[in-house]
Amino acid sequence: MSPVFDCTTPEGRQDGIAKASAGIRLGDLVVLPTDTLYGIGADAFSPDAVQRLLDAKGRGREMPPPVLVADVRTIDGLATDVPDYARALIERYWPGPLTLVLKAQPSLMWDLGDTGGTVAVRMPDHEVALDLLKEVGPMAVSSANRTGHPASRTVIDAATQLGASVEFYLDGGPVTGGLPSTIVDCTHDEPTILRRGAIDADEILALTAEHIQSPAGTSDDTPADTSDDTAPAPEESSNDE
């Protein structure tokens, strides 16, 4: 059985982060808490690990996972042509439950799936997640559930669905949010709401309107995975982080 680390204590968090980090560098998968839902994560720059993540969830390459980061400054290493309104959203809502779909840096040596040259990025507002990301760098993270099944709000929920397909489970206690992140497509001159989530869409559009010349648009379309998240771009189900 895969080990579960109690990250609600300083000692358990230190031990869990250290062992999970070492495993991730070897291509292992980890379940981790975020400010929205529990996620299943892998090294974003390991194609084999990302494929294992998709297999564990029962997803195809047409539903690539989003990428979680620990530092706002990482955005320019992962994305290009980041519009001013996207930077305004980052300044206002990161860390937090907001995923931005951006044009990916073409030089990146990774394979998240069929992304269409985009990447869905988020900085979570959770100490355990941020500690792990600071150790291993950007991670591909999707919601810790089998496709079509309920999202996981506890580590037990995740373990029940994913079992031994994940090598490490970090238990941060029940998540307090429960809603997936709001997803905004920022690959065009105006933002488009791809999924309504924890942050009010009208609030987002009001803020971005100050940084563009014409009103922003909305869409009812939900991307192919993102655990929160993502024309074409990473997608996710409505349960995804």
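Numbers here are sequence positions counted from 1.
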Report task. Return the minimal non-hydrogen interatomic distance between Ala44 and Ala140, and the atom names on each side. Result -> CB-N, 3.7 Å
Query raised in the report: Can you name the nearest heavy-atom pair linking Ser152 to Ala144, along with the distance?
Result: OG-O, 2.5 Å
From [atom1] ([X]) to [atom2] ([Y]), nearest 0.5 Å:
X	Y	atom1	atom2	result
Leu89	Arg87	CG	CZ	12.0 Å
Arg92	Ile199	CZ	CD1	7.5 Å
Leu132	Leu170	CG	CG	6.0 Å
Met139	Leu133	CE	CG	6.5 Å

Report task. Check the pair Leu130 / Met123 against side-chain contact (heavy atoms from CB on, under 4.5 Å), numbers first and verdict last. Result -> CA-CA 8 Å; Leu130 291 174; Met123 181 179 176; 4.2 Å; yes
**Report entry** Pairs involving residues 131-151, ordered by first then second residue, that meet salt bridge (charged side-chain N to carboxylate O under 4.0 Å, His left out) (sequence neighbours left out)
**Finding:** Arg13-Asp131, Arg25-Glu135
**Report entry** Verdict with supporting geometry, Asp48 and Gln51, side-chain contact (heavy atoms from CB on, under 4.5 Å)
**Finding:** CA-CA 5 Å; Asp48 289 342; Gln51 185 60 55; 5.7 Å; no
Taking [Y]'s backbone N and O only, do any of them form a donor-acceptor pair with [X]'s side chain (distance below 3.5 Å, no angle check)?
X	Y	answer
Ser2	Val166	yes
Tyr38	Gly172	yes
Tyr169	Gly163	yes
Thr36	Pro180	no

State, with a plain yes or no, whether a side-chain heavy atom of [X] is found less than 4.5 Å away from one of [Y].
X	Y	answer
Pro65	Val50	yes
Ser142	Leu53	yes
Asp189	Ile212	no
Val184	Leu98	yes

Query raised in the report: Does the pair Gln161 and Asp157 meet the rule for a side-chain hydrogen bond (donor to acceptor under 3.5 Å, both in side chains), with working shown?
Result: CA-CA 7 Å; Gln161 296 191 53; Asp157 292 341; over 6 Å; no
Requested in this report: List the steps, then state whether side-chain contact (heavy atoms from CB on, under 4.5 Å) holds for Asn145 with Leu37.
Outcome: CA-CA 10 Å; Asn145 60 285; Leu37 303 165; over 6 Å; no
Query - CD/Glu127: more than 12 non-hydrogen atoms of other groups inside 6.0 Å - result: no
Report summary line: In short, ring-ring contact (aromatic ring centres under 6.0 Å, His included) pairs touching residues 17-37 with sequence neighbours left out are none
Show me the donor-acceptor pairs, under 3.5 Å and distance only, between side chains in residues 105-112 and residues at least two apart or in other chains.
from   : atom 1 : to     : atom 2 : distance (Å)
Gln105 : NE2    : Asp76  : O      : 3.0
Gln105 : NE2    : Ala79  : O      : 3.0
Asp111 : OD1    : Arg61  : NH1    : 3.2
Asp111 : OD1    : Arg61  : NH2    : 3.1
Asp111 : OD1    : Gly113 : N      : 3.2
Asp111 : OD2    : Arg61  : NH1    : 3.1

Report summary line: Taken in chain and number order and not counting sequence neighbours, the residues that satisfy salt bridge (Lys or Arg N to Asp or Glu O under 4.0 Å) with Asp200 are none
Requested in this report: Would you please name every residue forming a side-chain hydrogen bond (donor to acceptor under 3.5 Å, both in side chains) with Glu167, sequence neighbours left out?
Outcome: Arg52
Requested in this report: Output all residues satisfying side-chain hydrogen bond (donor to acceptor under 3.5 Å, both in side chains) with Thr8, sequence neighbours left out; order by chain, then residue number.
Outcome: Asp6
Query - Asp28 bridged to Lys19 by N-O distance under 4.0 Å - result: no
Requested in this report: For Val121 and Leu100, run side-chain contact (heavy atoms from CB on, under 4.5 Å): C-alpha distance rounded to whole Å, both residues' side-chain angles, the deciding distance at 0.1 Å, then the answer.
Outcome: CA-CA 5 Å; Val121 190; Leu100 302 182; 5.5 Å; no
